[in-house]
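FYI, the numbering just counts along the sequence from 1. Hydrogens, waters and symmetry mates are skipped; everything else that's a heavy atom, side chains included, is used. Here the structure is a predicted model, which means the values were calculated and not measured.
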Amino acid sequence: MAHSPVAITARWPGAAAAALVLLLTLGTLGAVAWRAEWGSGLAPADWAAIHFTILQSLLSATISVALAIPVARALARRRFAGRQLLITLLGAPFLLPVIVAVLGLLAVFGRDGVLNGILQGIGLPPISIFGLHGVVLAHVFFNLPLAIRFLLQGWLAIPAERFRLAASLNAPVGRLLEWPMLRAVVPSSFLVIFLICLTSFAVALTMGGGPRATTVELAIYQALRFDFDLGKAALLACIQFGLCVGAAFLAWRVTGRDQVGTGLDRVVQRWDTARPAVDAFWILFAALFLLLPLAMVVFRGVPGLFDLPDSIWAAAGRSVVVATGSAVLCVSMALALALRGGALISVIGVLPLAASGLVVGTGAFLIVFPFVRPSDVALLVTMLANATLALPFALRSVAPAIAQVLADYGRLAASLDLRGWTFIRLIVLSRARRPLGFATGLAAALSMGDLGVIALFAGQGEETLPLAMYRLMGAYQMQTAASAGLVLLVISFALFWLCDRGGRADADV
């Protein structure tokens, strides 16, 4: 990261942000390790949870990447009306609250869903969505768009000159151009999705099918909420952290480099456009698979929207407060770390990727339990944890813009004695509003849909909207849950849109 030769901003905010991140990652891990029952070993059910966690992560990542290859190739080869809108919508599941997506998937694939209605109509037996296949299906729904975006960027990064040369020589594009790109992009994409699936909690909580479909994170939750076995929960949390660190290290090691070289920035033209029906099939498949559950949430949620109980609106208000505080804290930490700079700060900024929400929550639970009731600090701890877990995404958005501002204006600001908050207000905020707005909206949307830390701490009076939805689904009040899901969906996207739009309005760059 570039810097001016004279410090123009205070360094303590960056140090404070780094200390908070370390407390909520390594500090909570230390609390977990201290309480872990290392001598007791693991029960057969714990080994089964570890096995299931790795198995469902491998299957989810494999299927997501395998399906993404033909979809991304079709999108790279074809031009059609609405193509850019479709590509934009592929990012929606990343912002979509998990519990809302699960509700949509149940509306399509569940016992009373669209698919089973069709199967029964033609005389075939219904299918069950719960268990391993349900967990994998939900993870593919969330991660297929991410894999498509990774691979599509790889295809679009192949210089136009390579396709022109291949066409002029009648050379096989797949073997000479596409296969080297896939070898560079697929391994890292696979491991990133594998890491995401390792730390998934809400999917296993809602789609798991009993002891045989229990992940490590779900086992931690059960040990705390039902058995109150702090030692067992701590031991499982350490194991989960080790799995995440291993996956994150592998993802970093296998990140591919550009294998095709640079071009002249010409618009990519393709001549290998045979079999349009095949490409159309894959594009239609992706659109239906990703958009139909969202449409079902809206369709089933509208009828009961105005009959929701007051408790749902109260939970929605708590969610907005937590999401707003989490977003402000997350972006403030990202800005402070980006201004501080340095290799160590960069490492600290991505450290939350190796920590899951349940590990952070378990450590926080162990820290506060001797002093206060965990439910009394449920919203505060959830806000802090959500801000920390969203930090790597916010820092990835903010840091390049801050580096550019420091490189362009650092020397001039130092010569004019323009320092501290004045420099940040007049120079940094005006020229980095777009990434700051995007990061704020992303952090707010991710926090709005969180069903991780809050599930460990909250009682009836502290539940957020995702937790209230989960409890409604557990009580088989599906119509009320659908309407609450629609409220959560609208608020999440509205928060993201408002923050992102605010960052782009009247921005200088």
Side-chain angles (χ1 to χ4, degrees), residues 1-2 8-9 13-14 16-17 20-21 84-85 87-97 145-146 149 153 316 319-341 345-346 349-350 352-353 382-410 413 420-450 488-509:
M1 183 180 293
I8 53 178
T9 58
L20 181 59
V21 173
Q84 192 58 47
L85 176 61
I87 293 174
T88 301
L89 289 175
L90 292 180
F94 188 74
L95 299 175
L96 188 67
L146 185 62
R149 295 297 291 268
Q153 289 301 317
S319 289
V320 171
V321 171
V322 171
T324 302
S326 175
V328 172
L329 178 60
C330 177
V331 173
S332 299
M333 290 194 299
L335 181 60
L337 292 174
L339 288 170
R340 178 70 183 257
I345 293 297
S346 299
V350 299
L353 287 177
T382 300
M383 184 186 303
L384 292 173
N386 288 348
T388 302
L389 295 174
L391 179 62
F393 305 105
L395 191 61
R396 179 65 183 85
S397 173
V398 170
I402 300 301
Q404 190 62 48
V405 169
L406 292 175
D408 292 344
Y409 298 97
W421 171 245
T422 304
F423 172 75
I424 294 175
R425 179 172 57 86
L426 296 179
I427 305 298
V428 175
L429 295 183
S430 64
R431 284 162 176 80
R433 283 179 59 181
R434 292 192 183 194
L436 285 170
F438 173 80
T440 304
L442 181 62
L446 292 176
S447 178
M448 190 72 196
D450 175 70
L488 180 56
L489 177 67
V490 171
I491 294 177
S492 298
F493 281 102
L495 286 175
F496 175 78
W497 182 83
L498 286 172
C499 295
D500 186 44
R501 181 71 176 176
R504 288 185 284 116
D506 301 323
D508 295 333
V509 293

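- For the atom pair I402 CD1 and L395 CG, the distance stands at 10.0 Å (nearest 0.5 Å).
- Applying the ring pair (Phe, Tyr, Trp, His ring centres under 6.0 Å) rule to F493 yields no partners; only residues at least two apart in sequence or on another chain are considered.
- The side-chain hydrogen bond (donor to acceptor under 3.5 Å, both in side chains) check on S447 picks up N386, with sequence neighbours excluded.
- Contact detail for C499 and T440: the closest heavy-atom pair is SG-CG2, 3.7 Å.
- For the pair F496 and A445, the tightest heavy-atom approach, listed with the atom from each and the gap, is CB-CB, 4.3 Å.
- Counting heavy atoms from C-beta on, the side chains of L389 and D450 never come closer than 4.5 Å.
- Across A316 and M448, no two heavy atoms sit closer than the pair O-CE, 4.2 Å.
- P97 approaches G449 most closely through the heavy-atom pair CB-CA, 3.6 Å.
- Shortest non-hydrogen contact noted between F393 and L446 is CD1-CD1, 4.2 Å.
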Atom pairs and distances, donor-acceptor, side-chain atoms in residues 319-331, under 3.5 Å, two or more places apart:
{"from": "S319", "atom 1": "OG", "to": "A315", "atom 2": "O", "distance (Å)": "3.2"}
{"from": "S319", "atom 1": "OG", "to": "L465", "atom 2": "N", "distance (Å)": "2.7"}
{"from": "T324", "atom 1": "OG1", "to": "V320", "atom 2": "O", "distance (Å)": "2.7"}
{"from": "S326", "atom 1": "OG", "to": "A387", "atom 2": "N", "distance (Å)": "3.0"}

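- The nearest pair of heavy atoms linking V21 to M333 is CG2-SD, 4.2 Å.
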